[in-house]
2 protein chains.
Amino acid sequence: MPILYERGLDGVGVAGLCAAVGVSKETLYRHFGSKEGLIEAVLEARSDRVTRWLRTSAEAAGEDPADQLAAVFDALADWHAEPDFRGCALLNAAAQHHGAPELDLAARHLERRLALLTEIATRAGATDPGALARQLLILVTGSTVVADQHPATPDAARLARQAALTLLQAAGSPPSSREPR
Amino acid sequence: MPILYERGLDGVGVAGLCAAVGVSKETLYRHFGSKEGLIEAVLEARSDRVTRWLRTSAEAAGEDPADQLAAVFDALADWHAEPDFRGCALLNAAAQHHGAPELDLAARHLERRLALLTEIATRAGATDPGALARQLLILVTGSTVVADQHPATPDAARLARQAALTLLQAAGSPPSSREPR
DNA sequence: CTTAGATCGAACCGATCGGTACGATAACAG
DNA sequence: CTGTTATCGTACCGATCGGTTCGATCTAAG
């Protein structure tokens, strides 16, 4: 459903959606019940897809947490560089319809990203993996928004990657700077 | 114009806007020409306001760049804690109407934030103030989005503040870790 | 072949949309 | 007082919205 992503939830009517997919209104309404139902299904599917894709990218980088974290931001960079990149569909949807369904979907989407980042932070031996993971989530989210809306920062993912690695290193074992014996 | 912020650009019609402000449609159209014109004027005014507010908060913290940076994120925390916080109006608008006017306004809004952060990064003696400032911009933007859309991270600004200070410290003079003589 | 279900295109529905026109009222400058 | 200007409330416009209905067409199971 790229047209919903490109034009926004309210930027295209049901008739336009049907035309873009090559389906009649009756069929669409029997399958999804309403435009909202269609939107939720599309967003859910998209969240699944990108979550799997991000996790796959991380795991393909090997077992080292720092490598995995770097791979996450490299994957984001590839995404941001796609010609029709328009920001995160889930976050955009929540910004448009700030009601229960879209807001919940976006929250669950972020929760899934947080889960991946928490695993990485934990395996990296961070003192407070939860806090570090949330900071990384802020970097992931922020770099995606900035890459979309601030043309003067097209390399947001690269900068976020560097910041993430700095935070990861700093969060290792801050109380003592001794070398491990 | 809080109603536009609360319900979204497409969530309220011109009639509703007029009712909320206590003005007739004719008056609104003579002053702004169209709903789009009204939206642009409102967003522009809001961008001015929050930009000034953020700069004032920073300057009130004294002259130390680290203190100023911390103050910026403290100000964000206050904002995020407001009961009717709904994310950044400029970013939301760009997510809704991804067309020329709103996208440009959001880009200019981020540009103004970047200017403030660049000043701080420069005065802090960062090796690459531009890069550091962009990383800080990602933290500011990301923490605002996460605070809005991820209820499990209500302290996003606090986490971002800590990350920002870590980055600031790390960006000081990374090539040598010698003590200043 | 027959029948049941899915799909199609198009017509149709009431509601709302952004925007305009109008006559009345109020305020104020000469 | 007179004329101008701004505002008001309301009615109105064509277009589009989300959603429903209907008859025709197709497909597959019995």
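Convention: sequence-line order gives letters A, B, ...; per-chain numbering from 1. No hydrogens, no waters, no symmetry mates; every other heavy atom, side chains included, goes into these values.
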Asks: Between B/Asp10 (CG) and D/dG18 (P), how many Å, whole number?
Replies: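 Rounded to the whole Å, the gap is 11 Å.
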Asks: Are any of A/His31's side-chain N or O atoms less than 4.0 Å away from OP1 or OP2 of C/dT7?
Replies: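 Yes, A/His31 has a side-chain N/O under 4.0 Å of OP1/OP2 on C/dT7.
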Asks: Checking only heavy atoms, does the side chain of B/Lys35 share a donor-acceptor pair with the base of C/dG18 at less than 3.5 Å?
Replies: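 No.
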Asks: In whole angstrom, give the distance that lies between atom CG of A/Leu38 and atom P of D/dG19.
Replies: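 Distance, rounded to whole Å: 10 Å.
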Asks: Starting at CG of B/Leu17 and ending at C1' of C/dC17, how long is that distance when rounded to a whole Å?
Replies: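 Between C1' of C/dC17 and CG of B/Leu17: 12 Å.
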Asks: Below 4.0 angstrom from OP1 or OP2 of C/dA6, is there any side-chain N or O of A/Arg30?
Replies: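 Looking at the OP1 and OP2 atoms of C/dA6, neither is under 4.0 Å from any side-chain N or O of A/Arg30.
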Asks: Any N or O donor-acceptor pair under 3.5 Å from the base of C/dG19 to the side chain of B/Lys25?
Replies: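 Yes, a donor-acceptor pair under 3.5 Å.
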Asks: Atom CG of B/Leu28 to atom C1' of D/dC8: distance rounded to whole Å?
Replies: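 After rounding, the gap between these two atoms is 13 Å.
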Asks: Are A/Leu4 and A/Leu105 grouped together when hydrophobic residues (ILVMFWY) are joined by side-chain heavy atoms under 4.5 angstrom apart?
Replies: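 Same hydrophobic cluster.
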Asks: Side chain of B/Tyr29, heavy atoms from C-beta onward: which of D/dG18, C/dT20, D/dC8 has the nearest atom to it?
Replies: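 So the nucleotide nearest the side chain must be C/dT20.
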Asks: Would you mind telling me which of C/dC8, C/dG18, D/dC8 lies closest to the side-chain atoms of B/Val14?
Replies: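 Of the candidates, C/dG18 comes closest.
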Asks: If you measure from the Lys or Arg side-chain nitrogens to the Asp or Glu carboxylate oxygens, is any gap between B/Arg158 and B/Asp74 under 4.0 Å?
Replies: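 No, no charged N to carboxylate O under 4.0 Å.
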Asks: With salt bridge (Lys or Arg N to Asp or Glu O under 4.0 Å) as the test, pick out the partner of A/Asp48 among A/Arg112, A/Arg108, A/Arg55.
Replies: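 Result for salt bridge (Lys or Arg N to Asp or Glu O under 4.0 Å) with A/Asp48: A/Arg112.
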Asks: Take atom CD1 of B/Ile39 and atom P of C/dC17, then tell me their distance rounded to the nearest Å.
Replies: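 After rounding, the gap between these two atoms is 13 Å.
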Asks: For the pair made of CG in A/Leu4 and C1' in D/dG18, what is the distance, rounded to whole Å?
Replies: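 In whole Å, D/dG18 C1' lies 14 Å from A/Leu4 CG.
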Asks: Report the distance from atom CD of B/Glu26 to atom C1' of C/dA24, rounded to the nearest whole Å.
Replies: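 It is 12 Å, rounded to the nearest whole Å.
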Asks: Under 4.0 Å, counting only non-hydrogen atoms across every strand here, what does A/Gly37 touch: a base, just sugar-phosphate, or nothing?
Replies: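 Nothing, no nucleic acid heavy atom in range.
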Asks: It should be established whether A/Thr27 places a side-chain nitrogen or oxygen under 4.0 Å from OP1 or OP2 of nucleotide C/dC8.
Replies: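 Answer is yes, contact under 4.0 Å.
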Asks: Do B/Thr118 and B/Arg134 come within less than 4.5 Å of each other through their side chains, counting heavy atoms only?
Replies: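 When only atoms from C-beta onward are counted, B/Arg134 and B/Thr118 do not touch, as no gap falls below 4.5 Å.
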Asks: How many Å lie between CZ on B/Phe32 and P on C/dG19, as a whole number?
Replies: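 Taking CZ of B/Phe32 and P of C/dG19, I get 14 Å after rounding.
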Asks: State, with a plain yes or no, whether a side-chain heavy atom of A/Leu69 is found less than 4.5 Å away from one of A/Leu117.
Replies: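 In short, these two side chains touch, coming nearer than 4.5 Å.
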